[in-house]
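Throughout, numbering of the chain's residues begins at 1 and tracks the sequence.
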Amino acid sequence: MTTFYVVRHGQTTANAQNLKQGTINTAITHLNPIGQQQAQDLHDTFDISFADRLICSPLDRTQATAAILNQGRGLPISLDERLLEISYGQWDGQDNTRLLAAYPQYFDPLLQDVLPSYVEVATDGESFAQVQQRVQAFLTTTAQAHPDERIIVVTHGFTVKAMALAVLKPSDPMGLPEPANTSVTKIVVDAIHSRQYLAYYNRLTQF
């Protein structure tokens, strides 16, 4: 079985300003000082040297988090585009509060995050199902290529959620909020028997 420890990147300026980042990769989506400290704190409490490799999204905020986490650990690092954040299309970079005010019917009232139906308005946005399909492909093919390995994955909030949704297959995807910055989610994949298990989700300490 292959074990994935899935880390969400540290806070960015866009996170702090409540902007939808999607696949934007500019200075506003880089780690801010809080995000850098979050990554350092995770490095200090989560020694990843037990793992076999580290795979991360190609965006700057994930690569920066991975670099801090890997300091002194020396894991081989590779990039995988299937770990990119969901693209919200023309909503990328927009203020979440303004979008909520303009399109309340496309937001969960408690989480204040987009519902799967948001693609009816953001017509060039990526659907929840599309993200789940690509992260499922990542989990399956990576487990087949690296059986019995322990792998650190550094990715994005919705991408982590999509992995959990792919494993759990709940009827309501909004029942699972996105994880916090630099939280860790553990997923175990048994490629031989085509089984997947969510060991824990959105954990901040005690790995």
Side-chain angles (χ1 to χ4, degrees), residues 6-46 56-69 79 81-128 130-132 134-135 153-165 173-185 201-205:
V6 188
V7 178
R8 184 186 176 189
H9 62 78
Q11 187 187 91
T12 68
T13 301
N15 285 152
Q17 294 181 1
N18 198 26
L19 304 180
K20 289 206 172 302
Q21 296 182 101
T23 55
I24 294 175
N25 197 36
T26 63
I28 200 170
T29 64
H30 295 177
L31 297 186
N32 63 15
I34 291 175
Q36 294 170 3
Q37 186 59 56
Q38 288 173 329
Q40 185 61 52
D41 290 344
L42 183 61
H43 169 277
D44 295 343
T45 58
F46 184 31
C56 72
S57 158
L59 300 185
D60 184 273
R61 56 192 183 267
T62 45
Q63 291 198 61
T65 301
I68 294 171
L69 190 58
L79 308 180
E81 290 192 351
R82 293 172 295 182
L83 296 173
L84 284 168
E85 178 62 297
I86 184 173
S87 172
Y88 295 102
Q90 67 262 41
W91 283 13
D92 279 358
Q94 294 199 37
D95 184 278
N96 197 62
T97 302
R98 293 181 181 178
L99 289 171
L100 174 61
Y103 305 102
Q105 68 273 36
Y106 295 108
F107 281 76
D108 183 278
L110 177 62
L111 301 179
Q112 297 190 348
D113 205 354
V114 294
L115 297 167
S117 58
Y118 91 98
V119 292
E120 296 173 7
V121 179
T123 53
D124 58 349
E126 193 174 12
S127 71
F128 283 26
Q130 288 173 321
V131 183
Q132 286 179 237
R134 62 174 163 87
V135 298
V153 174
V154 183
T155 184
H156 307 270
F158 186 86
T159 313
V160 179
K161 172 176 173 169
M163 285 187 182
L165 292 175
M174 304 310 293
L176 192 68
E178 288 190 22
N181 291 111
T182 61
S183 63
V184 181
T185 293
Y201 182 78
N202 193 27
R203 185 173 290 187
L204 292 170
T205 58

Please check if the side chain of [X] supplies one atom and the backbone of [Y] the other of a donor-acceptor pair under 3.5 Å.
X      : Y      : value
Ser87  : Gly125 : no
Arg8   : Pro179 : yes
Gln11  : Asn181 : no
Arg134 : Arg82  : yes
Gln132 : Ala162 : no
Asp113 : Asp108 : no
Ser117 : Tyr106 : no
Asp41  : Gln38  : no

Roughly how far, to the nearest 0.5 Å, is the [atom2] atom of [Y] from the [atom1] atom of [X]?
X      : Y      : atom1 : atom2 : result
Thr26  : Asp60  : OG1   : CG    : 9.5 Å
Thr62  : Leu79  : OG1   : CG    : 8.0 Å
Leu59  : Thr65  : CG    : OG1   : 11.0 Å
Gln105 : Leu100 : CD    : CG    : 10.0 Å

Which heavy atom in [X] sits nearest to a heavy atom in [Y], and how many Å separate them?
X      : Y     : value
Gly10  : Asn15 : O-OD1, 4.0 Å
Tyr88  : Asp92 : N-OD1, 2.8 Å
His156 : Leu84 : CD2-C, 3.7 Å
Gly22  : Arg61 : O-NH2, 2.7 Å
Gln21  : Thr12 : OE1-OG1, 2.7 Å
Leu83  : Ser57 : O-CB, 3.4 Å

Going by heavy atoms in the side chains, are [X] and [Y] under 4.5 Å from each other?
X      : Y      : value
Thr182 : Phe46  : no
Val184 : Leu42  : yes
Cys56  : Val153 : no

Next item on the list: Before giving the answer on side-chain contact (heavy atoms from CB on, under 4.5 Å), spell out for Leu115 and Phe128 the whole-Å C-alpha distance, their side-chain angles and the decisive distance to 0.1 Å.
Entry: CA-CA 9 Å; Leu115 297 167; Phe128 283 26; 5.9 Å; no
Item checked: Candidates Asn96, Val119, Val114 - the one meeting side chain to side chain contact (heavy atoms under 4.5 Å, CB included) with Trp91 -> Val114
Notebook entry, point to check: Going through the checks in order, is the side-chain contact (heavy atoms from CB on, under 4.5 Å) test met by Gln17 and Ile28?
Noted result: CA-CA 9 Å; Gln17 294 181 1; Ile28 200 170; 3.6 Å; yes
Notebook entry, point to check: With a 3.5 Å cut-off and no angle check, do the side chains of Asn202 and Ser183 form a donor-acceptor pair?
Noted result: yes
Note to self: For a quick check under 3.5 Å, do Thr23 and Glu85 share a side-chain donor-acceptor pair by atom type?
What the structure shows: no
Notebook entry, point to check: Do Thr185 and Met163 pass the side-chain contact (heavy atoms from CB on, under 4.5 Å) test, and can you show the C-alpha distance, the side-chain angles, and the key distance before you say yes or no?
Noted result: CA-CA 9 Å; Thr185 293; Met163 285 187 182; over 6 Å; no
Next item on the list: Quick one: do Lys161 and Glu178 satisfy side-chain contact (heavy atoms from CB on, under 4.5 Å)? Show the steps, please.
Entry: CA-CA 6 Å; Lys161 172 176 173 169; Glu178 288 190 22; 4.0 Å; yes
